[in-house]
Amino acid sequence: MDRSRAGGDDDITGAPGSLDAATAPIRPAASTSLPGTGSVPSPLWKHALNCHRMKPALFSVLCEIKERTALSIRGIQEEDGPDPQIMRLDNMLLAEGVAGPERGGASAAAAVVAAAAGGSPGEGNVEHSEYKEKLAQIRRMYHAELEKYQQACNEFTDHVMNLLREQSRTRPISPKEIERMVGIIHRKFSTIQMQLKQSTCEAVMILRSRFLDARRKRRNFSKQAAEILNTYFYSHLANPYPSEEAKEDLARKCSITVSQVANWFGNKRIRYKRNVAKLQEEANRYAVKTAVDAASVSSQASQANSPATPNSGGYPAQCYTPDGRL
DNA sequence: CTGCATGATTTATC
DNA sequence: GATAAATCATGCAG
């Protein structure tokens with residue numbers, strides 16, 4: 001009826017059953033006195049209390065009070081079960097390779113890199129390692145913190161349990177209550193853990209977005225690379241669709257990736273088609289260049305009159321789609 | 001600052 | 001999956 005205490009269920013210090021006494025000694029100043037240091041001879045005091053002739057009477061009074069207040073404890077069922085939010089965070093961290101078994105964070109990083117770079121192997125190595133390193137850093141911090149929390153939680157739980165067990169000799173404390181107390185402590189720590197997980201997720205997201213943004217960072221190819229690509233394009237104007245091997249070769253020569261070569265040809269084809277007239281001049285320039293190159297080669301192979309590259313004669317400037325498309 | 005060039009991405013199509 | 005076409009975003013000369 002008359003509840004003197006209105007402490008919330010999750011409030012450790014205000015928990016029903018008056019556990020302030022249990023938690024109070026957590027504070028350093030009140031820790032059980034060590035021999036020679038404490039001004040209060042605690043063991044002696046406890047002994048005196050336990051042996052006091054009024055102790056059984058006191059104990060029964062406490063039992064009675066408890067009996068009355070126990071009603072407030074019942075009816076508060078522990079809503080246990082995994083928190084959906086924490087599960088979500090766990091899954092996220094697992095997917096990013098931060099949580100879960102050690103795998104160097106590499107697979108997740110690799111997946112992100114592959115998605116960002118277009119999937120070709122061997123590209124984006126610099127960014128890849130940078131991303132990997134950053135992710136590993138986050139991972140290390142996360143695990144260190146998690147372990148710290150876990151340890152702190154265990155220590156605190158042990159401490160509180162010992163205290164309660166100790167106190168149960170003086171006042172009535174059922175094992176159920178201790179269990180409840182442990183539950184409360186664990187919930188408290190799990191909210192702290194959730195904060196850690198949340199901020200870790202945020203860190204990963206920030207890293208990820210920064211990394212993915214970087215892929216849009218455009219750097220013009222070197223003059224030499226542009227030269228090589230243009231030479232190939234204009235000498236294959238009738239069919240400017242390099243084979244896979246040709247792309248690899250060009251990529252090697254230009255120090256770019258195969259997908260960059262594919263991008264370049266895609267852009268070049270469409271832009272050439274869009275502006276044939278203007279690019280015709282460029283086409284002529286590269287035609288001359290190819291012819292000169294070919295001439296210098298063929299001057300050794302006396303009567304070879306076809307240039308080093310096929311289709312370099314005509315510059316049709318249109319209708320080059322391989323499958324009839326335009 | 002502006003406009004164009006250009007590499008990358010997205011979307012639709014085959 | 002490769003490509004065309006449109007679009008985005010940046011680099012860079014003027």
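Proteins come first, then strands; the chains are lettered A, B, ... in the order of their sequence lines, and each starts at number 1.
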The residue, A:E244 or A:N267, whose nearest nucleotide of DNA chain C is more 5′ is A:E244
Atom CZ of A:R271 and atom C1' of B:dG7 are separated, to the nearest Å, by 7 Å
Sorted by chain and residue number, the ring pair (Phe, Tyr, Trp, His ring centres under 6.0 Å) partners of A:F221 (sequence neighbours excluded) come out as none
Which of C:dA4, B:dA8, C:dA5 is nearest the side chain of A:K273? It is C:dA5
Looking at A:Q260, does any N or O in its side chain come under 4.0 Å of the phosphate oxygens OP1/OP2 on B:dA8? yes
Distance col, row A:Q193:CD vs A:C153:SG, nearest 0.5 angstrom, shows 8.0 Å
From CG of A:N263 across to C1' of C:dC8 the rounded distance in Å is 13 Å
Whole-Å distance, A:K223 NZ to B:dG7 P, equals 12 Å
In whole angstroms, the gap separating C1' of C:dA5 from NZ of A:K268 amounts to 17 Å
| Any salt bridge between A:R180 and A:E177, counting N to O under 4.0 Å? | no
* **Close side-chain approach of A:M141 to A:I138, heavy-atom, < 4.5 Å** => no
Here the distance between atom P of C:dG1 and atom CZ of A:F265, to the nearest Å, is 22 Å
Answer with yes or no whether A:N220 presents, from its side chain, a donor or acceptor under 3.5 Å of a partner atom in the base of B:dA5.
-> no
Rounded to whole Å, CZ of A:R219 lies from P of B:dA8 at a distance of 11 Å
From CD of A:E245 across to P of C:dA2 the rounded distance in Å is 13 Å
To the nearest angstrom, the CG-P distance between A:N230 and B:dG7 comes to 9 Å
- Task: Kindly indicate whether the side chain of A:R274 and the base of B:dT6 share any N or O donor-acceptor pair separated by less than 3.5 Å?
- Result: no
Side-chain contact check for A:R269: nearest option of C:dA4, C:dA2, B:dG7 is C:dA4
Residues at least two apart in sequence or cross-chain that pass salt bridge (Lys or Arg N to Asp or Glu O under 4.0 Å) with A:E64, listed by chain then number, are none
